Each structure stands twice: as structure tokens, then as C-alpha cells.
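Below: the structure, in C-alpha cells.
Residue numbers count from 1 along this sequence. Read the numbers this way: they start at 1 and go in the same order the structure lists the ligands and their atoms. Note that the coordinates shown come from a computational prediction; the quantities given were computed from them, not determined experimentally.
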Amino acid sequence: MEKHWHQLDSTEVLNKLDTTEEGLSTAEAQKRLQEYGKNELQGKSRGPLLRFLLQFHNPLLYILMVAAVVAFYLGEYLDMWVILGVVLATAVIGFIQEGKAESAIDSLREMLAPECTVLRDGKQTTIVSSELVPGDIVLLESGDRIPADLRLIEGKNLALDESALTGESMAVKKQYDKLDKEDLVLADRSNMAFSGTAVARGVGKGVVVATGVKTEMGKISKFVSGPQKSDPPIMRKIREFTKVIMVGIIALGAVNLFVGLRFGFEAGFVFLVSVGMIVAMVPEGLPAALVAAFSHGVTKMANCGALIRKLPAVETLGATTVICSDKTGTLTKNEMTVKEVFCGDKNYAVSGTGYSPEGEFSRNDDTFTDLDGHTDLQQILLAGLLCNNAVLEKDEEDKDKIQGDPTEGALLVAAAKADISSSAKRQDELPFESDQQYMATLHHRDDDALLIVKGAPEKIIAMCHRKLVDGNEEDFDGDSAVKEAKRMASDALRVLGFAWKRVSKEQTEISADDLQELTFLGLQGMMDPPREETMDAVRRCRDAGIRIVMITGDHESTARAIADKLHIGHDEKRAISGEEVAAMDDDQLFTAVTDYSVFARTSPEHKYRIVTQLQKNGHIVAVTGDGVNDAPALANADIGIAMGVTGTQVAKDSSDIVLTDDNFASIVSAVAEGRHTFNNIWKVILFLLPTNGGQGLAILAAILLSPFLPVFSERLPVEPIHILWVNLFMSISCAIPLTREPKEKGLLKRPPHDPAEKLVNKVFLRKVSIVSVVSASAAIIMFLLYNNGVFAEPDVPTFAQAQTVAFTTIILVQTFYLFTARWIEDSAFKHSLFSNPFLLLGAGITILFQLLIVYAEPLFGFSPLRTEPFPAHVWPYILLAASPGFFLIELEKLYIRATKSNAAH
Ligand code: ATP
């Protein structure tokens with residue numbers, strides 16, 4: 001019987017997979033990719049046919065289909081065909097819009113495709129995880145998602161979060177030797193790392209043994225969902241609203257049936273009224289228009305550098321009231337340059353900018369690059385060079401560039417400025433973890449061995465009992481170093497402490513216990529300038545009523561100094577430290593999050609608590625994060641924002657948004673886009689719902705008037721066909737262009753919208769009622785005027801002509817309304833008619849189609865919508881009757897503006 005992977009030792013595994021510790025060659029990997037297929041779990045997306053069929057799974061369409069069957073039995077074949085046509089059209093529109101949204105999400109998914117680090121051709125490279133093949137050597141570090149099933153061959157402090165697979169929430173420590181027992185449960189295969197789990201801490205190296213559906217995760221779940229598809233709150237509110245309407249319609253239908261039959265109306269007519277009611281009141285085109293608005297918003301946000309992983313984020317972003325941001329890289333450039341060195345009780349200044357290794361050292365007006373006679377300076381620079389994982393290299397344009405952590409890059413550059421180099425061999429490493437705040441390495445030199453530690457000054461100082469002064473070790477009490485670190489930090493420098501100790505060359509491994517009784521080498525202070533665009537972004541946030549809270553791992557003084565430069569919490573004197581946060585209970589923190597905007601030396605756990613308390617204060621909180629430990633805060637926040645460049649896969653997986661450029665200004669642009677999208681969605685709702693209201697009212701009025709106006713006891717002023725046409729056609733021709741309305745000026749000068757706000761609020765009720773009443777009364781009045789021969793010509797108006805007039809009136813009321821619905825509060829007269837060409841086009845097409853429909857019979861010899869042409873001289877009257885759809889809403893806006901300015905005074 002073949003042995004399991006965990007039963008083989010690493011050499012056997014490598015042999016069996018025909019690979020080496022150096023990894024596969026690119027050519028071999030290509031070949032294997034053909035053979036084994038992509039490293040993906042199938043069943044992700046639904047096929048187009050299924051997606052199309054699912055469009056019919058919609059209660060509204062069920063009702064319409066029942067209506068079509070009834071029409072068939074009543075012999076109303078035209079009605080039946082039209083209703084079926086509408087059902088089909090609704091499904092097709094839904095299908096197309098959903099397809100567009102899915103392709104927007106798909107292209108995002110591609111941009112967000114998880115990546116992993118592998119050895120190919122002996123070199124470390126980053127590839128898309130789907131291209132991983134058995135035999136690949138994968139390098140792991142904390143925050144990585146395990147991309148395939150791996151047999152681990154080496155590692156340091158490696159512990160995995162396997163809860164996705166085993167349900168066990170504690171991180172599991174890993175080892176690298178073979179295990180003898182054959183039938184171990186997955187949780188006990190401690191030398192394996194399974195796809196879908198994540199690195200909680202440490203680093204490691206593993207060989208891929210299974211990819212795609214062959215992995216343990218693939219075996220368990222045939223279907224793995226892509227980005228989550230929960231609905232935005234506004235969609236949910238609309239669905240609930242539609243449900244209420246449906247219940248209303250069914251009740252009205254029942255009343256109608258009862259009244260109709262009681263008064264002896266014809267069954268066919270009663271049916272017609274019921275169908276009319278149903279189709280009139282339900283906003284058929286609304287969902288498609290909203291999906292259009294959302295997918296447009298997603299695309300716009302992607303252009304700003306914010307990739308949306310979860311659709312609701314588009315709306316929630318617009319409602320954000322607090323942004324909790326990291327400092328390094330988000331507010332600042334993350335381009336570190338060492339500016340000051342403190343060693344041997346002396347201060348040195350370092351000149352130069354960026355990563356260019358050109359610069360000089362100076363002390364007391366003396367400038368030099370040759371460090372002869374400055375032993376302590378040489379040693380601390382050497383420590384920075386060795387205890388380092390970054391690489392300094394040239395890019396295509398021959399510019400100096402850093403591979404790896406910019407903090408470490410700065411140390412390499414500082415050493416390069418003094419021409420310091422070393423041939424020491426690294427034996428072991430305790431990797432940097434942000435909750436430890438230090439990193440340690442062990443090096444063997446020709447005649448000695450060195451253990452070097454660098455990290456947050458207070459951590460390093462606490463590990464030391466001696467200090468290096470002029471090459472000699474002296475007693476060390478730490479006070480002056482602490483003072484110096486504080487001073488450098490208050491100059492906005494990011495300060496790292498350095499220490500070492502000589503150890504025996506016998507020692508080949510290090511652990512945290514070794515980090516004591518060290519010799520203090522000094523401090524290096526580096527500058528990380530704020531990003532230029534941040535200042536403006538911070539100001540825009542303030543105008544938009546959004547508070548900014550800085551939550552950083554850096555020192556209090558550095559954090560406060562940078563915050564001062566950026567005017568974050570500028571009237572606050574100091575920053576709160578993670579230690580203070582830890583000492584506070586939830587009630588104290590509840591107050592502290594309102595009083596302070598800068599939190600320093602925090603760990604991810606503090607971040608989580610701060611976010612929670614801000615939410616308790618009633619805020620909608622967006623929070624940034626990059627590390628594996630940030631995942632809880634990201635998942636818990638209203639909007640979790642992961643860093644696309646420096647962020648770990650786990651952080652990205654837990655977020656709603658991924659920033660492609662890690663830039664704070666992009667968050668603010670995305671907030672503006674969120675508000676813009678939400679504003680347009682609101683316009684679409686306020687535009688489309690009055691159509692339903694108007695038609696519903698028209699039918700209701702006709703029925704109520706039927707005892708006095710017998711003309712309405714047999715037929716309605718508008719037919720269900722017309723209503724369906726208005727609802728569906730207007731939603732495409734006018735409402736979808738409305739989703740493209742340009743951003744209103746001053747959108748970021750208003751306070752954020754309240755997500756708890758009801759859909760049916762005052763503005764909604766007022767606008768929808770005004771336009772509904774205008775639409776219904778204009779249609780009925782025009783119908784009656786025409787039907788009673790008021791327009792003189794023709795002598796004998798037909799009923800169908802009068803209906804056509806009413807139908808046209810409704811279309812025109814909406815068209816008039818469209819031109820004022822573009823601004824919820826602003827007067828239409830203030831803006832150019834041409835600012836949204838799509839809308840003009842949509843309105844033009846609507847009028848053109850209406851002309852075609854009205855005059856279809858003379859043109860084509862038949863009329864698909866049962867219209868009859870009416871004489872041209874009636875048009876001005878229709879325009880006149882429809883125009884209040886524009887002017888009354890303009891008056892309503894005048895009222896809104898007046899009440900607002902009154903309230904302001
Ligand atoms: P932010 O959370 O705003 O990005 P940060 O980058 O300072 O701030 P961390 O990366 O958690 O936060 O770093 C916390 C502290 O750990 C730093 O202030 C520094 O003192 C220390 N530190 C950072 N990077 C390293 C490193 N590569 N090696 C050793 N210590 C480091």
C-alpha cells in the first residue's frame with residue numbers, strides 16, 4: 001500500500017515528486033500545468049443557461065405567467081403574448097445586467113487572484129496561485145493563505161490557523177519530520193499544510209503534493225463560493241418594499257374581484273383590471289437599473305484604486321463616518337530614509353534622499369563617508385545590514401529600488417552610504433511579527449558568531465544590560481537611550497533599536513529565550529514622509545463629516561508628529577498607546593475613542609477593540625489592515641480595507657475592499673464614488689417609483705369613477721400592455737442613463753447618509769406622491785377630454801385613441817420629470833442640459849419610440865401596443881398636461897432648499 005505524504009521524509013517526498021529544494025524549472029512547471037490542470041476548485045460560476053433560467057425565479061414573473069395562462073383561457077391572445085413577451089424581456093434585461101455585473105466582479109476577481117511565493121529556476125518569484133503544480137516549492141510567511149496541499153520541509157516558529165478545515169481555532173504548531181502512523185486525521189498530520197488554511201505566524205517552506213480538486217479542501221467542497229454576493233442594504237429595502245406592494249396588490253385584486261363580480265362587470269374586464277394593477281404597481285425595471293448602478297459604481301471605484309470584494313461595500317462606503325487608517329504606507333509614502341543615528345552616546349546625521357545609496361554622515365559640522373574612527377557607527381550599520389531581509393537593487397530605469405520591507409531597505413541604504421559589507425553567513429532567524437515588534441538573526445563569521453536583534457526601541461533596550469561605546473562594552477541603564485528615542489520620534493522619525501551579543505559558533509539556532517543580556521548598539525531614526533495627496537484627502541474627509549483615526553504600530557511621538565503634519569486630531573495633545581488601551585475596560589475605551597484620534601504602539605487586538613467601540617458610538621467604521629492578525633478587525637468593521645501591495649492574503653480575504661495602491665487618498669476617492677453611486681441609485685428610485693404610483697392611481701381612479709363615468713366600467717384608460725411598456729422601457733431608456741449622472745458638486749461637503757434611514761422617507765413620499773398624482777390626473781383628464789371630443793377633431797374619437805393619448809401623457813410626464821429628477825435638491829435650471837449625454841439620448845429615444853408606437857398603424861399596418869393614432873394638434877395639450885411633472889418638482893425643491901437654509905440660520 002502506498003504511503004501517505006506525511007509518512008515520507010522530505011527527501012523521499014522530493015524524489016517522489018521529481019523535484020528538488022530549489023524548486024522546478026519554469027519549463028517543467030508549464031508542462032506539469034498542462035498535465036495536472038490549474039490549481040482551482042471548480043464549480044465557481046454558474047453557466048449562462050442556468051443564470052438565464054434563474055431569472056424566471058421571481059415572484060413577479062410567476063404572477064405574470066399565471067396572468068398569461070388566464071388570458072389564454074379568456075381568449076385574450078394578444079394580452080397573453082404581450083405578457084409573455086414582457087416576462088421574457090424582464091428575464092433578458094435581468095440576465096444582461098447581471099451578466100455585466102458578474103463580468104465586472106469577474107475582472108475584479110482576476111485582479112484579486114491570490115498569489116504565492118515559489119522557487120522557480122532556483123529563484124524566489126511570485127505567481128498566481130492557480131498556476132501552482134505538484135513539485136513546486138512554496139515559501140510561507142505569516143498571513144499567507146496556503147495555496148495547495150503541502151508537505152512542509154522546513155520552517156521557523158511556523159504555526160497554522162487550520163480552522164477552515166478542522167474547526168480548531170487555536171493556531172497549530174508545525175514540524176518537518178516524517179510521521180509513522182498511517183491513518184492520522186488531518187489535524188494530526190503536523191508536517192502537512194492544507195490548502196485553504198493560513199499561516200498564523202512564522203515562516204516555512206513546503207513542497208506541493210496536491211493541487212485543485214485533489215486537495216483535501218477540494219475533496220470536501222465541490223463548490224467554493226467566489227466573492228460573497230450578499231445584497232446591498234438598499235436592495236434589501238427595495239425587495240421588502242416590493243413585498244409589501246405585492247401583498248397590497250393581491251388584497252386590491254381580491255377587492256376588485258369581489259366588487260367587479262358584485263356589480264356584474266364582465267369577467268374579462270375584472271381580470272384586466274387585476275392584471276393592470278399588478279403590472280402597474282410593481283417596479284419591474286428597478287432591480288435591473290439598480291444592478292446597473294452598482295456595477296457602474298464598482299468599475300468607477302476600481303479606477304480609483306479600490307477593488308470591491310463585496311457589493312454592499314459600495315453603499316456602505318458612502319455612509320462611512322470614521323476611517324481608521326494605518327500610518328506607514330497608507331498615510332505616509334513608506335519610502336524610508338535613515339536620517340539620524342544614535343550610537344556610542346553620540347548623534348550622527350545622515351544626508352541623502354530615497355533609496356539612492358548616496359549620502360554623507362555628519363557630526364558637529366564634520367562631514368564624512370569614511371567611517372574610520374567611528375567604530376560604533378560602523379557596528380550599528382553592520383547590524384542593520386545583517387539583521388535584514390530586504391534587497392537593494394536597480395529597476396529597469398536604473399533607479400535604486402527595494403525588494404522587501406522599506407524599513408529594512410532604509411537600513412541597507414544607510415550601510416551602503418558607508419560602504420559597509422559583510423560575508424557573515426546567516427544561520428537562523430526569528431522573523432518580525434508585528435505583535436512582537438522585533439526581529440533577530442544569528443550569523444556565523446570567520447572567527448565568531450553574532451546574534452543580532454532590531455526592533456521597537458523600548459523592546460530592544462529592555463533586552464540589554466551593556467552598551468557599546470567607542471568599541472568597548474560599558475554598563476547600560478537605558479534611560480538616556482529611551483530619552484533619545486523619544487526625541488527622535490517626536491521629530492516624526494521612525495526609530496529602531498539595535499543590539500547584539502557574541503555567541504559560540506556551536507550555536508546554530510535561536511529562540512526568544514536567547515534575547516537577553518544583549519549589548520545595546522544604538523538607534524537608527526528614519527523618515528517616512530507623508531504622501532503629498534494625504535493632506536488634501538484628510539481635509540476632504542473633514543468637509544465630508546468623516547473622522548480620521550490613526551491606528552499604528554509605531555511610537556506615540558512619531559505617530560503624533562505625523563498626525564500633526566496631516567492635521568489629524570489636531571487639537572489633541574497626545575496619542576494613546578496600545579498599553580493604555582489594554583488597561584481600559586470597554587466603557588473607558590468607549591469614551592477614549594471619541595476623545596483621541598491617534599492610537600500608537602497598538603497590536604491588532606487593540607485595533608479590533610477600537611473599531612468595536614467606535615461602532616458602539618454609532619459610527620460606520622472603515623478600517624485598514626494588512627497583517628494576518630488584522631483579519632478580525634477587518635471582518636468586524638463595516639468596511640474592511642486590505643492593502644493590495646503590502647497586505648497578506650488572509651487580510652485580503654477578510655476585507656470588503658482591497659486597495660491597489662495602499663493609499664489613503666484612494667479610500668477617500670472611493671468614499672466619494674460610494675456617495676455618488678448611492679446618490680444616483682436614490683435618483684433612479686425616485687424616478688421610477690412615481691411611474692408605478694401614477695399608473696396604480698390611474699387605475700384606482702378609473703374604478704372608483706366607474707359608477708359615475710360608465711366609460712370606465714368596461715375598459716381602463718390605459719391597458720396593462722401600456723403600463724408594462726412604460727415600466728420596462730423607461731427603466732432602460734431613462735433610468736439606466738440616470739445611473740450615469742455625473743457626480744454632484746459638493747457631494748463630499750455633505751454629511752454621510754444614514755444607512756438606517758427608511759426607504760419610504762419624507763422626500764420619497766413627497767416626490768413620489770406629487771409625480772404620481774400629476775401622472776394619474778393628467779392621464780385621466782386627457783383621456784376624458786379626448787374621449788368627450790373636446791379637441792374638436794376627430795369628430796368621433798375612438799376609445800383606443802383616447803387610451804393612446806392617456807398612455808402618451810404618462811410617458812411625457814415621466815420624461816418631463818426625468819429632467820428635474822437628475823438633481824434631488826438642486827434646481828434643474830442651474831445645470832447644463834448636456835452634462836449627461838446618455839440621458840438626452842435616452843429621453844430622445846423615448847420620444848421617438850412613442851411617436852413610432854402612436855403612429856405605428858399608418859407606418860407598419862399594425863399596432864403592437866393596441867394604440868391608435870391621434871391628430872397632431874393634440875400634442876401641445878399633452879405637453880401642457882405633462883409639464884407639471886417638471887414644474888411641481890422644481891417647486892418642491894425650492895421648498896427643500898428654503899427649509900434647509902432656514903434651519904441653517
Ligand atoms: P502601521 O501600523 O501604521 O503600518 P508600523 O509599520 O510602524 O505602523 P508595525 O509594522 O506593526 O507597524 O511595526 C511596529 C514596530 O515594530 C515599528 O514601530 C518598529 O519599531 C518595529 N519594526 C517594524 N518593522 C520592523 C522590522 N522589519 N524589523 C524589526 N522591527 C520592526
Side-chain angles (χ1 to χ4, degrees), residues 141-143 201 203 323-336 338 383-390 402-412 429-441 452-463 485-486 488-489 492-499 515 523-528 530-531 534 548-563 566 568 575 577-578 598-607 610 623-630 633-634 641-643 645-648 651 659 662-664:
E141 62 179 3
S142 81
R201 55 175 185 273
V203 289
I323 303 176
C324 294
S325 174
D326 280 356
K327 174 179 70 65
T328 313
T330 315
L331 295 167
T332 64
K333 285 189 180 164
N334 206 8
E335 252 179 43
M336 310 267 178
V338 173
L385 174 76
L386 289 176
C387 186
N388 203 315
N389 288 325
I402 286 295
Q403 271 279 13
D405 180 358
T407 305
E408 301 192 342
L411 302 174
L412 291 187
E429 173 189 347
L430 292 180
F432 171 72
E433 305 277 351
S434 73
D435 40 7
Q436 302 291 345
Q437 298 183 333
Y438 65 76
M439 158 180 175
T441 47
I452 309 178
V453 197
K454 73 170 197 299
E458 62 275 22
K459 299 266 167 181
I460 303 298
I461 292 169
M463 296 172 186
K486 274 209 175 124
M488 277 156 96
L493 295 180
R494 176 180 176 84
V495 191
L496 283 192
F498 294 79
L515 308 182
L523 307 165
Q524 297 200 43
M526 48 197 87
M527 197 170 76
D528 178 19
R531 288 173 179 263
T534 314
I548 299 168
V549 173
M550 183 199 274
I551 306 180
T552 170
D554 215 337
H555 194 275
E556 285 104 279
S557 313
T558 319
R560 191 56 262 169
I562 296 277
L566 294 171
I568 295 175
S577 73
V598 181
F599 293 84
R601 280 286 186 251
T602 49
S603 72
E605 187 206 332
H606 305 142
K607 193 186 269 189
I610 294 167
V623 63
T624 64
D626 47 15
V628 52
N629 303 338
D630 286 330
L634 289 173
I641 305 173
M643 298 298 149
V645 185
T646 55
T648 57
L659 282 190
D662 292 11
N663 187 346
F664 178 77

Any nitrogen or oxygen of [X], side chain or backbone, less than 3.5 Å from one on ligand 1?
X      : value
Asp626 : no
Thr328 : yes
Gly553 : yes
Arg494 : yes

Any atoms of ligand 1 less than 4.0 Å from a non-hydrogen atom of [X]? List them with their elements.
X      : answer
Asp326 : 3 (O)
Leu496 : 19 (C), 20 (O), 21 (C), 22 (N), 30 (N), 31 (C)
Asp405 : 24 (N), 27 (N)
Glu408 : 26 (C), 27 (N), 28 (N)
Lys327 : 1 (P), 3 (O)
Asp554 : 7 (O), 8 (O), 18 (O)
Thr552 : 1 (P), 2 (O), 3 (O), 8 (O)

> Is Lys459 in contact with ligand 1, taking contact as a heavy-atom separation below 4.0 Å?
Replying inline: no
>> So is Met550 touching ligand 1 or not, going by heavy atoms under 4.0 Å?
In response: no
Among protein heavy atoms, which lies nearest [atom], and at what distance?
atom                    : value
atom 29 (C) of ligand 1 : Lys454 O, 3.4 Å
atom 20 (O) of ligand 1 : Ala456 CA, 3.2 Å
atom 22 (N) of ligand 1 : Phe432 CE1, 3.3 Å

Could you check whether any side-chain N or O of [X] sits under 3.5 Å from a backbone N or O of [Y], counting only pairs where one atom can act as donor and the other as acceptor?
X      : Y      : answer
Glu408 : Asn389 : yes
Lys607 : Ile551 : no
Thr602 : Thr552 : yes

> Do Arg531 and Asp662 sit within salt-bridge range, that is, some charged N less than 4.0 Å from a carboxylate O?
Replying inline: no
> Under the criterion side-chain contact (heavy atoms from CB on, under 4.5 Å), which of Leu412, Ile452, Leu411 is the partner of Leu385?
Replying inline: Leu412
> side-chain hydrogen bond (donor to acceptor under 3.5 Å, both in side chains) with Lys327: which of Asp528, Asn334, Asp554?
Replying inline: Asp554
> Are His555 and Arg601 close enough that some pair of their side-chain heavy atoms sits under 4.5 Å apart?
Replying inline: yes
